Amino acid sequence: AMVHHGVIIGLCLGIPALIALLFALVTAFRKQIADWIDFKVLYSKPNKETIGFLRGNFAPTPKEETIGDLPVKGEIPQGLSGLFLRNGPNPYFQPLGRYHWFDGDGMVHGVRLKGGKCSYANRWIETSRLRQEKRYGRPVFMKIGELTGKEGLLTLLSQAVKCKLGLVDISKGAGQANTALVYHGRKLLALHEGDLPYVLQVLCNGAVETLMRAAYDEPPAGEKNGRGAEPSGEGQGEAKDGSSAGASSHPVTTFTAHPKVDAATGEMHFFGYNIRSKPHLTYGVVDREGNHVKSIDIDLPAGPAMMHDFALTKTYAIILYMPLFFKPKEMVGGSGFPFVFEPDFPSKFALLRRDATDASGIQWFDLPAGMIFHTANAWDDPKEEGKVHMYACSTADYSLGDLLSSTSTRYPGSPQVGMPDSPSQDQGGPGGGRSGKNGKSGTLGGGGFIPGAHGGMSLMNGTAHDLSGNPASFAVPNRYLRSMNESSKSRLHSSTLNSKASSFASRLASRKSSKSSVNSSPSQKKDLLNLSGEERSADGDTFTLFHFVFDTTTGTATQQKLLEPEQACDAYLLEFPQVNPRFHMRPCQFVYMACFCDGMKTNGVVKVDITRPAGENVVASATFAKDGKKRFGGECLFVPAEGEEALAEDEGWLLTYVFEHATNSSYLLILDAKTLEEVAEVELKTRVPYGFHSLFLNEEQVQNVKVQSESHVSITVKE
């Protein structure tokens with residue numbers, strides 16, 4: 001009746017008044033309108049998918065805790081004093097729809113180690129997104145897990161309506177700050193690649209408090225190119241691949257979760273990618289004081305792609321442009337995910353000199369299609385000028401030790417280095433681009449699971465469904481969910497290459513048989529793990545360590561697979577690479593990786609000597625199982641021992657949280673980086689969910705980010 005009378009009044013007063021009245025009504029009932037769209041349309045049907053990332057130890061912890069005087073088995077190393085922090089997803093509200101591990105609100109779990117004693121604390125990162133959802137009283141921001149199929153359109157529509165109605169403000173940030181942490185410029189930053197960093201501070205007990213969302217405005221005039229002068233007109237030319245290039249003239253809006261800090265210069269190098277509009281990629285530098293001093297826009301030849309990590313040497317920034325492209329039509333056309341892997345498109349690597357004033361001098365290198373989420377290290381060759389080495393965890397469908405280059409005849413093609421007109425165009429040539437199965441290109445027909453330390457994702461084309469009729473899933477395929485056949489061990493198991501060699505062949509044969517039998521099942525959805533777009537053979541490989549060499553003089557590149565995952569803790573995937581941080585950007589000998597054994601759970605760590613031949617380089621591995629009980633962990637962070645630079649490269653410790661399913665308990669493990677033997681175990685007296693990346697702050701760094709006055713712990717977050 002009120003609306004009826006309002007319309008009559010509006011007609012009497014005229015159209016402008018009617019519009020004003022309608023606007024007032026929409027404003028008054030804006031929350032009810034948004035709720036109707038969500039609960040009557042978007043979430044009207046129950047989600048039948050079993051969400052693995054909300055079960056077991058992936059499930060979020062519902063509370064913040066502070067626990068002191070933690071029991072310690074063994075002895076905390078005398079030189080290990082500081083704060084161990086690990087970031088990860090922990091949804092504050094129960095998700096209403098589909099959920100991916102990457103969707104959770106950031107939570108930092110910390111253990112303070114000092115004087116041989118330990119305390120634990122966990123805190124949510126008070127992002128703008130979380131604060132807005134708290135005010136609303138439920139989840140209101142869109143999630144990655146919901147961006148599949150036609151339902152993904154409804155998700156986008158729902159968020160657009162909320163923005164128009166003033167219920168959500170994405171200009172203040174929509175990221176969860178849940179991926180990683182970095183210390184730079186006397187600040188502790190929480191990171192998420194879809195947003196800017198959040199500045200944190202630390203209490204005495206190790207708990208973190210959120211201060212503000214960082215801001216990296218446009219570099220001051222005369223500093224956009226990082227050299228104190230505006231770039232000249234000649235500098236605004238074309239990059240060597242034909243794309244335009246230039247210095248940036250806009251503030252930073254997205255920031256990689258994996259920036260690189262140069263300890264010698266104090267600079268923090270980063271990039272941000274934008275899937276919505278150009279520039280799709282921006283590379284930047286922040287000086288040791290936290291000032292944004294350089295920003296360079298880079299046009300990507302084939303449009304926006306998922307770009308998670310990069311590498312840095314003393315001379316170059318190495319940008320990873322993998323063929324996982326943003327294609328919203330795949331979501332609109334059926335049940336697909338908007339990021340689509342193109343097997344006919346090469347993996348491209350852009351080497352940009354750190355002293356560059358714009359992107360015109362970028363040198364591009366092509367290699368066979370693959371996917372890289374994390375790099376381990378990179379450096380300029382100390383003996384051969386122009387050569388650059390990079391070590392990273394990648395996936396591709398060739399054999400151990402097989403050396404492929406930009407002039408390889410294994411994937412023949414046209415002789416010139418260039419870009420196809422579109423990612424779906426057949427691409428060969430130097431760079432190793434190749435046709436998919438039976439010469440077909442394009443999307444993953446039948447569905448494909450991309451593994452990864454951040455949870456992976458299942459990709460399907462626009463018409464594919466699994467046999468139950470459900471759309472593309474973010475659940476880990478069944479073939480990678482298996483019971484661990486762990487024998488009882490009274491201590492952390494540590495072994496060398498020689499002791500493992502005798503059983504490797506039999507275990508690999510058993511794994512091949514298991515994969516073959518699973519693939520032959522007619523009820524099993526196809527799982528294309530290799531990202532090549534082809535069905536995997538029974539003895540195919542997954543993510544493991546690769547050595548990349550880029551020769552800037554000849555313009556050629558090579559990549560070589562260094563080990564099989566099965567060589568380490570019976571893993572199917574090796575990821576989360578770590579090196580001694582003192583050896584960043586210079587030649588190193590050892591790389592440590594987490595061993596993924598059961599879905600997205602890790603059961604151990606492997607130490608690889610990259611100076612040894614491929615296949616003969618595993619010098620030690622260790623499983624987390626103890627006293628006959630299965631334990632699963634995550635990234636093993638290398639913390640170097642205190643002392644002079646002359647200390648051995650593997651002089652230090654590996655720190656990680658592990659979860660013991662039988663007792664529902666979590667522990668902090670401290671391992672000797674030389675032998676991988678357990679040094680100490682800290683019982684946390686609470687459950688710590690699985691998470692992503694870690695950071696260790698030494699005592700000096702703790703003091704730099706410590707709350708100056710702890711008379712109050714309620715911090716007002718600045719947006």
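Position 1 is the first residue of the sequence, and the numbers go up from there. What you see is a predicted model, and the numbers here were worked out from it, not measured in a lab.
- Residues meeting the ring-ring contact (aromatic ring centres under 6.0 Å, His included) test with Phe271, sequence neighbours left out: Phe310.
- Judged purely by atom type and a 3.5 angstrom limit, Thr602 uses its side chain to pair as donor or acceptor with the backbone of Gly633.
- Closest approach of Phe373 and Met306 over heavy atoms only: CE2-SD, 4.2 Å.
- Taken from NE2 in His100 to CD in Glu146, the straight-line distance is 13.0 Å, to the nearest 0.5 Å.
- Side-chain contact, Arg687 with Asn664: no donor N or O sits under 3.5 Å from an acceptor N or O.
- Scanning for ring-ring contact (aromatic ring centres under 6.0 Å, His included) contacts around Tyr92 gives Trp124, with sequence neighbours left out.
- When all heavy atoms of Ile125 and Leu130 are compared, the pair lying nearest together is O-CD2, 3.6 Å.
- The main-chain N or O of Thr155 is never found under 3.5 Å from a side-chain atom of Ser158 such that the two would form a donor-acceptor pair.
- Annotation: salt bridge (Lys or Arg N to Asp or Glu O under 4.0 Å) contacts involving residues 17-34, sequence neighbours excluded, comprise Lys31-Asp35.
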- Item | Test log, rule side chain to side chain contact (heavy atoms under 4.5 Å, CB included), inputs Val168 and Tyr136 | CA-CA 9 Å; Val168 168; Tyr136 198 96; 6.0 Å; no

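- In terms of the ring-ring contact (aromatic ring centres under 6.0 Å, His included) criterion, residue partners of His192 (sequence neighbours excluded) are, by chain and number, Phe102.
- Put simply, the side chain of Val140 does not reach to within 4.5 Å of the side chain of Leu167, judged on heavy atoms.
- Within the 4.5 Å cutoff, the side chain of Gln94 has heavy atoms near those of the Leu54 side chain.
- When atom types are taken as modelled, the side chain of Thr254 and the backbone of Asn274 share no donor-acceptor pair closer than 3.5 angstrom.
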- Task: Assess whether side chain to side chain contact (heavy atoms under 4.5 Å, CB included) is satisfied between Glu151 and Arg98, documenting all intermediate values.
- Result: CA-CA 10 Å; Glu151 293 84 356; Arg98 303 175 63 173; 5.7 Å; no

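- When the side-chain hydrogen bond (donor to acceptor under 3.5 Å, both in side chains) test is applied to Glu660, the partners found at least two apart in sequence or on another chain are Arg631, Thr663.
- To the nearest 0.5 Å, the span separating OH on Tyr120 from NZ on Lys685 amounts to 13.5 Å.
- Under the 30°/60° scheme for interplanar angles, the aromatic rings of Phe576 and His374 are found to be tilted.
- Residues Asp103 and Phe53 have side chains not in contact (no heavy-atom distance under 4.5 Å, counting atoms from C-beta outward).
- Between Lys348 and Met322, the shortest heavy-atom distance links the atoms O-CE, 3.9 Å.
- With sequence neighbours left out, the ring-ring contact (aromatic ring centres under 6.0 Å, His included) criterion links Phe326 to Phe339.
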- Walk me through it: do Asp195 and Thr127 pass the test side chain to side chain contact (heavy atoms under 4.5 Å, CB included)? CA-CA 10 Å; Asp195 201 351; Thr127 62; 5.8 Å; no

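- A ring-centre distance under 6.0 Å is not found for Phe596 and Phe543.
- Looking at heavy atoms from C-beta onward, Thr656 lies out of side-chain contact with Ser694 at the 4.5 angstrom threshold.
- Heavy-atom minimum distance, Leu191 versus Ala257: CD1-O, 3.4 Å.
- In this structure, Glu126 pairs ionically with Lys134, as a charged nitrogen and a carboxylate oxygen lie closer than 4.0 Å.
- Between Glu65 and Asn122, some side-chain heavy-atom pair lies under the 4.5 Å cut-off.
- Here the CG atom belonging to Leu684 is positioned 6.5 Å from the OH atom belonging to Tyr657, to the nearest 0.5 angstrom.
- Using modelled atom types and a 3.5 Å distance limit, the side chains of Tyr273 and Glu193 yield a donor-acceptor pair.
- In this structure, OH on Tyr690 lies 9.0 Å from CH2 on Trp101, to the nearest 0.5 angstrom.
- Note that CD1 of Ile144 is 8.5 Å distant from CE of Met142, once rounded to the nearest 0.5 Å.
- Counting heavy atoms from C-beta on, the side chains of Leu154 and Ile37 never come closer than 4.5 Å.
- A donor-acceptor pair is defined here as one N or O able to donate and one able to accept, closer than 3.5 Å; no such pair exists between the side chain of Asn57 and the backbone of Phe659.
- In summary, the side chains of Ser128 and Gln132 do present a donor paired with an acceptor at a separation below 3.5 Å, with no hydrogens or angles considered.
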- Message: If you apply the rule side chain to side chain contact (heavy atoms under 4.5 Å, CB included), what do you find for Arg129 with Gln176, and how did you get there?
- Response: CA-CA 7 Å; Arg129 174 187 180 121; Gln176 300 94 323; 3.6 Å; yes

- Might you work through the salt bridge (charged side-chain N to carboxylate O under 4.0 Å, His left out) test for Glu342 and Lys327, ending with a clear yes or no? CA-CA 11 Å; Glu342 288 285 357; Lys327 290 190 169 184; 2.5 Å; yes

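- Salt bridge status for Asp38 with Lys162: present, with a side-chain N to carboxylate O gap under 4.0 Å.
- Taking 4.5 Å as the limit, some side-chain heavy atom of Ser347 sits within range of a side-chain heavy atom of Pro323.
- The backbone N or O of Ala180 lies less than 3.5 Å from a partner atom in the side chain of Asn87, making a donor-acceptor pair.
- Nearest heavy-atom pair across Thr61 and Met107 is CG2-SD, 3.6 Å.
- Residues Leu189 and Val199 have side chains in contact (heavy-atom distance under 4.5 Å, counting atoms from C-beta outward).
- Shown here for Asn178 and Phe692, the closest heavy-atom pair between the two residues is O-CD1, 3.3 Å.
- The distance from atom CG of Leu96 to atom CZ of Arg138, rounded to the nearest 0.5 Å, is 6.0 Å.
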